[in-house]
Protein chains: 2
Amino acid sequence: MTIPRFARIKEFIVGQIEQGFLLPGDQVPSENQLLEQFGVSRMTARRALQELSDEQILVRAQGLGTFVADARPMSSLLEIKNIADEIRARGHNYHCDLILLDAVTASAQQAMDLSLAEGSTVFRSVLLHCENGLPLQYEDRLVNPVLAPDYLHQDFLLQTPNAYLSEVAPLTEADHIVEAVCVEESIALALEIDSSQPCLKVSRRTCSKRGVVSFASLFYPGNRYRLGGHLNF
Amino acid sequence: MTIPRFARIKEFIVGQIEQGFLLPGDQVPSENQLLEQFGVSRMTARRALQELSDEQILVRAQGLGTFVADARPMSSLLEIKNIADEIRARGHNYHCDLILLDAVTASAQQAMDLSLAEGSTVFRSVLLHCENGLPLQYEDRLVNPVLAPDYLHQDFLLQTPNAYLSEVAPLTEADHIVEAVCVEESIALALEIDSSQPCLKVSRRTCSKRGVVSFASLFYPGNRYRLGGHLNF
DNA sequence: CAGTGGTCTAGACCACTGG
DNA sequence: CAGTGGTCTAGACCACTGG
């Protein structure tokens, strides 16, 4: 199986971006430059640039050139955002309390969430993420120990579980369920809300190439958080 | 401004699908057939099929042909689904109560939601969508009268506002906000829930080329509905 | 003006599928 | 085998942008 030439050109450009040689806004080689550089026809060079443009990695403008797109907007609703980055992006103070970090024996439900056998040992972390001292997200996470064996030895006050897991097991897929729920007393207490207050619950299962990495239950006080999204047709 | 040939071929095929001449699973003309039919080069015929395939309207298989894709999956999280279709797709009974349909004078908030001036006359509809007799969605919708002048004369027991508006003002954009809330007594009563029950609230602003068409506030009982989504990386 | 991307042609060779 | 889609070439003319 040989890699097509247009794909090689795409890889070359993506590589330049990932290695930091090309930054958002930078102009990438034109069709004519790629044509000479790779010894291909213009249609082939064009296809590489066009597909990267379709993938929103590049933007093209007639008469001007082709440029690296601004910070990957991910565009889809319910992006996988790092809660710490999100809070800091608002110019607010972020901090985090570690409530639990341990290995546990998976219940039937937990095993199913991670696609493992009941009774397997899995890792579990519970964290409370705060914005300007006010609890914003209660994160109860199960982790597949095979795919993140060093999970229990991380300092999650410095790096969120989400960020850590993205490093050790790059995400390929994610499923979400969004619900409005009442939370149990212990979670209400941690979130500093009355237990009658509605909360937004996001259940997220994330997968890498090697399988289900993690299953997170995220609880947000209904009066402090909303999910936004934008669609284009 | 002349329409490119590949775009004409795309329109032709999409038209055949929309008019029901081509059904999901049906084979569409091959590159060679389109080439003769439209008198274009193969690269041009190919581009039409390839782009429709990228848009998930067609699926292609080497050696086999090109086929109409199964029921548009829309793929994005929080797709704009027709609640009636969604309920019927589950094999359940759908029906709908009309609670209000009238012209109203826009409050400051309502005017902002529709990007109109305060005090403008706008249309408002309130409907209750039920699954097997049980209320599932309370829909409170504001409509821009300029973009849907006949809105008040529709029978929304036959066609949802969403479906009607999509016809008269094709959507180009949509914004969503998802929240967990408590609802006021009147809405709780309509939804047949206790007012202490958390609800999922989806606020959706939809736009066509000519501007903001509609602003809908959708309330779902937290224990009867959840939003799901899937992302690929 | 020279350079960019947008559209298009008329060919070519290939891998794949079904009969 | 004939037909399909996948890749690719070496040209062409065009609209658009900046200088």
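If you're wondering where the values come from, they're calculated on a predicted model, not measured in any experiment. FYI, side chains are in, hydrogens and waters are out, and symmetry mates aren't considered; it's all heavy atoms of this structure.
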*Take atom CG of A/Leu52 and atom P of C/dG5, then tell me their distance rounded to the nearest Å.*
13 Å
_Quick one, A/Glu118 with A/Gln110, criterion side chain to side chain donor-acceptor pair (under 3.5 Å). Give me CA distance, side-chain angles, the key distance, then yes/no._
CA-CA 8 Å; A/Glu118 186 174 350; A/Gln110 292 172 333; over 6 Å; no
*Using the side chain to side chain contact (heavy atoms under 4.5 Å, CB included) rule, take B/Ile13 and B/Leu52 through it: C-alpha gap first, then chi angles, then the decisive distance, then the call.*
CA-CA 9 Å; B/Ile13 293 169; B/Leu52 288 173; 3.9 Å; yes
*Starting at the 5' end of DNA chain C and moving along, which residue's nearest nucleotide shows up first, A/Gln27 or B/Leu64?*
A/Gln27
*Please check the phosphate of D/dG3 (OP1 and OP2 only) for any side-chain N or O of B/Asn32 closer than 4.0 Å.*
no
*A/Glu36, CD: over 12 other non-hydrogen atoms inside 6.0 angstrom*: no
*Can a cation-pi geometry be assigned to B/Arg205 and B/Phe215, taking NZ or CZ under 6.0 Å from the six-membered ring centre and within 45° of the ring axis?*
no
*Between A/Thr44 and A/Arg5, do the side chains contain an N or O donor and an N or O acceptor separated by less than 3.5 Å?*
no
*asked:* Would you call the rings of B/His129 and B/Tyr94 parallel, tilted or perpendicular, taking 30° and 60° as the class edges?
replied: parallel
*Within less than 4.0 Å of OP1 or OP2 of C/dG6, is there a side-chain N or O belonging to A/Gln50?*
yes
*Compute the bend angle of the helix from C/dG3-D/dC16 to C/dC16-D/dG3 from the end axes (five pairs per end), rounded to 10°.*
10°
*Is the distance from OP1 or OP2 of D/dG5 to the nearest side-chain N or O of B/Thr66 less than 4.0 Å?*
yes
*Calculate the interatomic distance between A/Arg60 atom CZ and C/dG3 atom P; express it in whole Å.*
17 Å
*When every nucleotide of nucleotides 7-14 of chain C is labelled 5' to 3' by its protein contacts under 4.0 Å (heavy atoms), B for base, S for sugar-phosphate only, - for none, what sequence of letters results?*
BBBB-B--
*On the 0 to 90° scale, with breaks at 30° and 60°, tag the B/Tyr225-B/Tyr220 ring pair as parallel, tilted or perpendicular.*
parallel
*Ring center gap for A/Phe38 and A/Phe6 short of 6.0 angstrom*: no
